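Atoms within each ligand, like the ligands themselves, are counted from 1 in listed order. Just so it is clear, the structure is predicted and the values come from calculations on it, not from any experiment.
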Amino acid sequence: MKQLAILGSTGSIGVNTLDVVRGHPDRFKVVALTAGKQVDLLAQQCIEFKPAIAVVADADGATRLSKLLLEKKIDTQVLYGPDALVSAVTQSNCDTVMAAIVGAAGLVPALAAAKAGKRVLLANKEALVMSGDLFMQAMRVGGGELLPIDSEHNAIFQCLPNQFSRDQSSSQGVEELWLTASGGPFRNTPLDQLVNITPEQACAHPNWVMGRKISVDSATMMNKGLEVIEAFWLFGLSLEKIKVLIHPQSVVHSMVRYRDGSVLAQLGQPDMRTPIAYGLAWPERIDAGVAPLSLTQLASLSFSEPELERFPCLSLAFAAAKAGGTAPTVLNAANEVAVAAFLDEGLPYLQIPVVVSKVLESIPAANADSLELILAVDTRARQAAQTVVKDILCKR
Ligand code: NAD
Ligand code: MG
């Protein structure tokens, strides 16, 4: 029986994870659940799965959650705050951690899971973007297994040799990784109409149902840029060998090109329960509750190169990846601030890359060799981004 902690259990990935777990009560026991602010949903999840520990963001939420659980006589221990996210990993007796908090907030508990030698199911790509080197080191020292949940990286993981080693990709015949991207809701929108895009339009992804931040990232294609950096750390290939292809149908989740001319692809429905079930049960395969793929019902599968002038965020991510060090940390922090300002404060859609680019220009890349330094750069980049956002909003 696997003992599972879910960081971010009330989000899109968290809810899908619990859906897979629900179908396999003989395999998985939920021992810790965490959420930010959605106390009611977390309470329902605790009543159903009876974890040892539940964590929310603040004291008010903890009081409310404790009350809701007391009414139902559930004896889950309720904790709150960032340190409690680490406790959910280190004090719940879990062996497997789903890291599915969105954004930089998920970094410290994901690192704790890596250091503690857990099986880490990594959805929180921002953790790898901010601190790829430290995170991969922590996994090595901890000695646990790292299974990518992001659908593209999960697909690549499935297409690589069983004994794949990130230090020896070349001797194993791996030439390139091809990350597929749907192109988001604005793939064909005339460029002059992008000016007035609303959050609702940006969050209406054509193929996937996801949290709001990653939905906006998919629209700008910053998501694919973050995923290139994620693939770089996970699989150890140089950046030139990681390619992005627009594939509007979201059926081929990514591919590996080998030296002998073979290209291996993983196909499936655009349903995150497939990669989640794969990570949970690996190396076995279990029912994920996903409808079978019917190739004959698909009109076509098409692939094209991304238009960089349509997706400036993709170019910014490539540039930050190339600069290395703390540049991806800065990119990620500025993007999180810009996306939040677009969603909640009226920052125009087309200003998201402007904010990211200005912040990248203002903070030179340094070596990303300690967590303290990375967190300090993250804070500095967020402050710089807030200033740029304020400036833009004042001038409107
Ligand atoms: P979401 O917004 O739906 O859920 C985020 C979860 O994190 C929620 O449980 C929320 O309560 C929690 N959270 C947010 N801020 C927090 C904070 N400050 N402290 C503690 N908890 C906090 O997001 P999502 O779509 O589930 O995405 C989660 C992660 O998985 C992201 O990193 C995303 O890039 C990645 N991912 C998601 C998908 C998808 O299909 N949704 C696919 C691939 C990768
Ligand atoms: Mg993805």
Side-chain angles (χ1 to χ4, degrees), residues 5-19 32-45 54-58 61-62 65 79-89 98-110 120-130 147-157 179-184 203 205 207-218 221-231 234 244 247 250 252-254 266 268-276 279 332 335-336 339-340 343 378 382:
I6 305 179
L7 303 170
S9 66
T10 54
S12 166
I13 294 287
V15 166
N16 276 307
T17 304
L18 286 173
D19 194 56
L33 294 175
T34 86
K37 303 219 177 278
Q38 302 100 319
V39 174
D40 293 319
L41 178 53
L42 182 61
Q44 278 175 30
Q45 293 177 340
V55 178
V56 287
D58 53 37
L65 181 62
L79 305 171
Y80 67 90
D83 292 346
L85 294 172
V86 173
S87 305
V89 169
M98 169 58 80
I101 292 176
V102 60
L107 170 61
V108 171
V120 181
L121 310 183
L122 189 70
N124 176 218
K125 67 192 85 189
E126 295 91 346
L128 265 190
V129 169
M130 290 175 72
L147 287 141
I149 297 303
D150 212 347
S151 58
E152 298 76 5
H153 308 74
N154 189 273
I156 288 170
F157 186 89
L179 296 177
T180 53
S182 69
C203 289
H205 195 278
N207 306 340
W208 298 92
V209 181
M210 308 181 285
R212 280 161 72 79
K213 190 260 177 184
I214 183 175
S215 296
V216 176
D217 285 350
S218 299
M221 280 193 81
M222 179 60 91
N223 184 51
K224 211 50 51 180
L226 300 179
E227 289 184 356
V228 167
I229 302 172
E230 185 184 10
L234 284 172
V244 172
H247 167 50
S250 298
V252 176
H253 296 310
S254 278
Q266 186 258 353
Q269 301 280 5
D271 188 323
M272 287 308 291
R273 289 175 300 176
T274 295
I276 289 168
N332 179 66
N335 181 59
E336 281 191 33
V339 170
L343 286 172
D378 176 73
R382 275 166 207 275

Enquirer: Just heavy atoms, cut-off under 4.0 Å: does Ser12 contact ligand 1 by side chain, backbone, both, or neither?
Expert: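 Contact part for Ser12 vs ligand 1: both backbone and side chain.
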Enquirer: Once rounded to 10 degrees, what value does the angle at the Mg ion (ligand 2) take between OD1 (Asp150) and OE1 (Glu152)?
Expert: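 For OD1 of Asp150 and OE1 of Glu152, the angle centred on the Mg ion (ligand 2) reads 100°.
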Enquirer: Please state which part of Met210 comes within less than 4.0 Å of ligand 1, counting heavy atoms only: side chain, backbone, both or neither.
Expert: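 Near ligand 1, Met210 shows its backbone as well as its side chain.
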Enquirer: Nearest heavy atom to atom 29 (C) of ligand 1 wins, so pick from Leu41, Ile214, Ile101, Val129.
Expert: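 Selected option, by shortest heavy-atom distance: Ile101.
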Enquirer: Just need the protein heavy atom nearest to atom 4 (O) of ligand 1, so name the residue and atom and give the distance.
Expert: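 Scanning the protein heavy atoms, the shortest distance from atom 4 (O) of ligand 1 goes to Gly11 CA, 3.1 Å.
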Enquirer: Who gets closest to atom 37 (C) of ligand 1 by heavy atom: Ile6, Ile13, Val102?
Expert: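 The option holding the nearest heavy atom is Ile13.
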Enquirer: Return the closest protein heavy atom for atom 44 (C) of ligand 1 as residue, atom name and distance.
Expert: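 Result: Asp150 OD1, 3.5 Å.
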Enquirer: Just give me the atom name: the N, O or S atom of Glu227 closest to the Mg ion (ligand 2).
Expert: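 Distance check against the Mg ion (ligand 2) picks out OE2 in Glu227.
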Enquirer: Just let me know how Arg212 lines up against ligand 1, side chain, backbone, both or neither, with a heavy-atom cut-off below 4.0 Å.
Expert: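 Contact part for Arg212 vs ligand 1: neither.
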Enquirer: Say whether Thr34, considering both its backbone and side-chain N or O atoms, lies within less than 3.5 Å of an N or O atom on ligand 1.
Expert: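 No.
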Enquirer: Specify the protein heavy atom at minimum distance from atom 35 (C) of ligand 1: its residue, its atom name, and the distance to 0.1 Å.
Expert: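 Going by distance alone, atom 35 (C) of ligand 1 is nearest to Ala123 O, 3.1 Å.
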Enquirer: For atom 25 (O) of ligand 1, what is the closest protein heavy atom, and at what distance to 0.1 Å?
Expert: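 Looking at atom 25 (O) of ligand 1, the protein heavy atom closest to it is Gly211 N, 2.9 Å.
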Enquirer: For atom 32 (O) of ligand 1, what is the closest protein heavy atom, and at what distance to 0.1 Å?
Expert: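 Protein heavy atom with the smallest distance to atom 32 (O) of ligand 1: Glu126 OE1, 2.6 Å.
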Enquirer: For Ala54 and Leu42, which heavy atoms make the closest approach, and how far apart are they?
Expert: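 Reported closest heavy-atom pair: CB-CD2, 4.4 Å.
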Enquirer: Among all protein non-hydrogen atoms, which one is nearest to atom 19 (N) of ligand 1, and what is the separation to 0.1 Å?
Expert: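 Of the protein heavy atoms, Ala105 CB, 4.2 Å lies nearest.
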Enquirer: For atom 12 (C) of ligand 1, what is the closest protein heavy atom, and at what distance to 0.1 Å?
Expert: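 Of the protein heavy atoms, Gly36 N, 4.0 Å lies nearest.
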Enquirer: Just to check, does Lys213 reach to within less than 4.0 Å of ligand 1 when the distance is taken from its heavy atoms?
Expert: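 False for this residue.
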Enquirer: Are any of the N/O atoms in Trp208 less than 3.5 Å from those in ligand 1?
Expert: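 Not met; the criterion fails.
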Enquirer: Looking only at protein heavy atoms, which one is nearest to atom 28 (C) of ligand 1, and how far off is it?
Expert: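 Heavy-atom neighbour on the protein nearest atom 28 (C) of ligand 1: Ala100 O, 3.4 Å.
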Enquirer: So is Thr10 polar-close to ligand 1, meaning N/O to N/O under 3.5 Å?
Expert: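 Yes, at least one N or O pair falls under 3.5 Å.
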Enquirer: Give a yes/no on ligand 1: does Gly14 have at least one heavy atom closer than 4.0 angstrom to it?
Expert: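 Distance cut 4.0 Å: Gly14 fails for ligand 1.
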